[in-house]
Amino acid sequence: MTKKIPIDFYRRDDVVQIALDLIGKDLYTYIEGKICAGTIVETEAYRGPEDRASHAFNNRRTPSNEMMYRAGGKVYMYICYGIHDMLNIVTGAEGCSHAVLIRAIEPHTGIEHMRERRKLYNDDHRLCQGPGSLAKAMGLNKSHNGSDILLSDKIWIEDSGKKFSADEIKASARIGLNFDGPYKMIPWRFYLKGNNYVSRSNL
DNA sequence: TATAGGATAGGCT
DNA sequence: GCCTATCCTATAG
């Protein structure tokens with residue numbers, strides 16, 4: 001018996017702790033009549049406004065990133081490199097712009113739908129490996145921006161009951177950051193050690 | 001209106 | 001492992 005994670009989980013101020021706590025939770029989507037789900041195995045924390053890697057760095061506000069300023073528990077979708085949709089969960093209180101990027105899940109439900117969306121039939125460990133692939137496999141895109149992770153019937157997160165000890169989860173610098181400075185190397189990426197569904201698992 | 005740049009993925013060496 | 005196509009968005013003029 002599983003259930004959705006309560007809203008207080010997302011409204012905490014410590015986005016790094018939330019990114020860590022999301023490892024092992026189950027992400028579900030019900031899109032185009034297809035139910036898909038998997039266990040979160042890789043996340044990254046983005047802490048606006050002081051984190052240069054965050055879209056909300058320096059309190060930057062645009063129509064695209066507006067969702068980051070909502071109270072925790074909203075879905076923030078962002079298009080990267082013009083082609084890849086990425087799934088973020090907004091955290092913290094209203095007006096605070098922290099978010100967690102979901103980078104990879106280990107699929108366990110609706111895998112045949114994921115294969116179809118990805119046109120990838122013989123490589124299941126790559127279906128949701130990396131944020132762009134994950135969104136595509138799960139049927140997520142910019143139209144899901146602003147969904148409420150507790151109220152939406154298209155996307156939600158459940159507590160799988162799985163528990164991981166501190167030495168089973170590894171922290172590293174975040175991926176793909178294109179600048180120099182103290183936040184480039186800060187270890188705000190978390191992933192399950194040895195898990196085959198994690199992107200770039202050696203870093 | 002034009003243009004630079006970006007939280008990638010996949011193909012090739 | 002390295003390289004780059006690809007195209008949306010923000011920003012400047």
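Throughout, a chain's letter reflects where its sequence line sits, starting with A, and its residues are numbered from 1.
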From [atom1] of [X] over to [atom2] of [N], roughly how many Å is that when rounded to an integer?
X: N141(A); N: dT9(C); atom1: CG; atom2: P; answer: 12 Å
X: H55(A); N: dC8(C); atom1: NE2; atom2: P; answer: 16 Å
X: H84(A); N: dT6(C); atom1: NE2; atom2: C1'; answer: 8 Å
X: Y78(A); N: dC7(C); atom1: OH; atom2: P; answer: 16 Å

Parallel, tilted or perpendicular: ring planes of W156(A) versus Y28(A), cut at 30 and 60 degrees: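 If you compare the ring of W156(A) with that of Y28(A), the planes turn out parallel.
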[X] side chain vs [Y] backbone, donor-acceptor pair below 3.5 Å:
X: S147(A); Y: H144(A); value: yes
X: K34(A); Y: G110(A); value: no
X: N195(A); Y: V41(A); value: no

E158(A) with K3(A): basic N within carboxylate O range, under 4.0 Å: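 Salt bridge: no.
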Table please: side-chain donor-acceptor pairs of residues 42-49 of chain A below 3.5 Å, with sequence neighbours left out.
unit_1: E42(A); atom_1: OE1; unit_2: S199(A); atom_2: N; d: 2.8
unit_1: E42(A); atom_1: OE1; unit_2: S199(A); atom_2: OG; d: 3.0
unit_1: E42(A); atom_1: OE2; unit_2: R103(A); atom_2: NE; d: 2.8
unit_1: E42(A); atom_1: OE2; unit_2: R189(A); atom_2: NE; d: 2.9
unit_1: E42(A); atom_1: OE2; unit_2: R189(A); atom_2: NH2; d: 2.9
unit_1: E42(A); atom_1: OE2; unit_2: S199(A); atom_2: OG; d: 2.9
unit_1: T43(A); atom_1: OG1; unit_2: A19(A); atom_2: O; d: 2.9
unit_1: E44(A); atom_1: OE1; unit_2: Y46(A); atom_2: OH; d: 2.6
unit_1: E44(A); atom_1: OE2; unit_2: I175(A); atom_2: N; d: 3.0
unit_1: R47(A); atom_1: NE; unit_2: E50(A); atom_2: OE2; d: 2.8
unit_1: R47(A); atom_1: NH1; unit_2: D13(A); atom_2: O; d: 3.2
unit_1: R47(A); atom_1: NH2; unit_2: D13(A); atom_2: OD2; d: 3.2

Apart from Y81(A) itself, residues in the same hydrophobic cluster as defined by side-chain heavy atoms under 4.5 Å: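 Noted: Y81(A) shares its cluster with I83(A).
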Span of DNA chain B in contact with chain A (heavy atoms, under 4.0 Å):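 Listed 5' to 3', the contact boundaries are dG6(B) to dG10(B).
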Y121(A) versus E116(A), side-chain donor and acceptor atoms under 3.5 Å: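 Checked: E116(A)/Y121(A) side chains pair up, N/O donor to acceptor below 3.5 Å.
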Salt bridge (charged side-chain N to carboxylate O under 4.0 Å, His left out) pairs, two or more places apart, involving residues 136-151 of chain A: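 As it turns out, the salt bridge (charged side-chain N to carboxylate O under 4.0 Å, His left out) pairs with a partner in residues 136-151 of chain A, which skip direct neighbours, are K74(A)-D148(A).
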Member of I31(A), N145(A), I102(A), D85(A) meeting the side chain to side chain contact (heavy atoms under 4.5 Å, CB included) criterion with L140(A):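 Between L140(A) and the candidates, side chain to side chain contact (heavy atoms under 4.5 Å, CB included) is satisfied uniquely by I31(A).
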Sugar-phosphate only, base, or nothing, as touched by S54(A) at under 4.0 Å among non-hydrogen atoms: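 No contact at all - S54(A) keeps every heavy atom at 4.0 Å or more from the nucleic acid.
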Residue closer to the 5' end of DNA chain B, R126(A) versus M68(A) (nearest nucleotide):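 That would be M68(A).
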Watson-Crick and G-U pairing of DNA chain B written in dot-bracket, each distance under 3.5 angstrom, with | for inter-strand partners: ||||||.|||||.
Residues from residues 90-125 of chain A lying under 4.0 Å of DNA chain C - heavy atoms: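 The stretch gives none, as no residue of it lies under 4.0 Å from the strand.
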